[in-house]
Amino acid sequence: MAELKYEITAQIGVLSERSGWTKELNMIRWNDREPKYDIRDWSPDKAKMSKGITMTLEEVIALRDLLNGLNLEAVAD
């Protein structure tokens with residue numbers, strides 16, 4: 001299996017924390033490609049990561065628009 005190369009090019013923010021691991025939104029360059037938005041859990045030293053989701057700018061905009069259209073209080077009930 002080929003080695004996975006990644007570089008966190010921008011740390012945007014932490015969404016949550018549990019047992020030292022943090023769920024983060026970052027910009028990540030995977031295998032020397034253009035950076036994309038990425039949401040996943042990271043160990044404290046960033047040496048380990050969980051499975052996550054990677055999105056283009058267009059997908060992030062679509063997600064933002066979907067979330068902005070939700071009545072989150074009604075969805076949570």
Side-chain angles (χ1 to χ4, degrees):
M1 180 182 283
E3 181 181 344
L4 179 64
K5 291 175 49 179
Y6 67 92
E7 174 190 1
I8 299 174
T9 61
Q11 293 182 308
I12 299 170
V14 173
L15 303 172
S16 64
E17 183 177 349
R18 187 177 57 136
S19 301
W21 284 59
T22 52
K23 184 178 306 269
E24 300 181 15
L25 172 61
N26 296 314
M27 292 293 293
I28 300 185
R29 180 185 313 275
W30 295 100
N31 295 322
D32 298 321
R33 295 189 178 125
E34 287 298 312
K36 292 188 177 182
Y37 292 90
D38 185 90
I39 299 173
R40 71 184 63 241
D41 292 327
W42 291 91
S43 66
D45 62 0
K46 302 288 189 278
K48 296 180 182 177
M49 67 185 94
S50 69
K51 290 183 180 180
I53 182 167
T54 301
M55 298 176 282
T56 64
L57 175 60
E58 293 79 13
E59 291 168 327
V60 169
I61 291 169
L63 177 60
R64 179 203 60 197
D65 293 345
L66 286 169
L67 292 172
N68 283 340
L70 285 179
N71 178 350
L72 294 175
E73 289 80 21
V75 173
D77 292 338

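Since the model is a prediction, treat every value here as computed from it, not as a measurement.
- Judged by distance alone, the side chain of Thr9 and the main-chain N or O of Met27 form a donor-acceptor pair under 3.5 Å.
- Separation of atoms CD (Glu24) and NZ (Lys46) is listed at 3.5 Å; rounding is to 0.5 Å.
- A 4.5 Å side-chain heavy-atom check between Ile61 and Arg64 finds at least one atom pair inside the cut-off.
- Glu59 and Thr54 make their closest contact through OE1-O, 4.1 Å (heavy atoms, listed as atom of the first residue, atom of the second, distance).
- If you chain together ILVMFWY residues whose side-chain heavy atoms come under 4.5 Å of each other, Ile8 ends up grouped with Leu4, Tyr6, Ile28, Trp30, Trp42, Met49.
- In terms of heavy atoms, Asp45 sits closest to Ser43 at OD1-OG, 2.8 Å.
- Within the model, atoms CD of Glu7 and CG of Asn26 stand 11.5 Å from one another, a figure rounded to the nearest 0.5 Å.
- Both Ile39 and Val60 are assigned to one and the same hydrophobic cluster, defined by single-linkage of ILVMFWY side chains at heavy-atom distances under 4.5 Å.
- Among all heavy-atom pairs drawn from Arg40 and Gly52, the shortest one is NH1-N, 3.1 Å.
- The minimum heavy-atom distance linking Pro44 with Gly20 is given by the pair CG-O, 3.3 Å.
- Under the 4.5 Å side-chain criterion, counting only non-hydrogen atoms from C-beta, Lys36 is not in contact with Ile53.
- Expressed to the nearest 0.5 Å, how far CE of Met55 lies from CG of Asp38 amounts to 8.0 Å.
- We find the CZ-NZ distance between Arg18 and Lys23 to be 8.0 Å, quoted to the nearest 0.5 Å.
- Between Leu70 and Leu67, some side-chain heavy-atom pair lies under the 4.5 Å cut-off.
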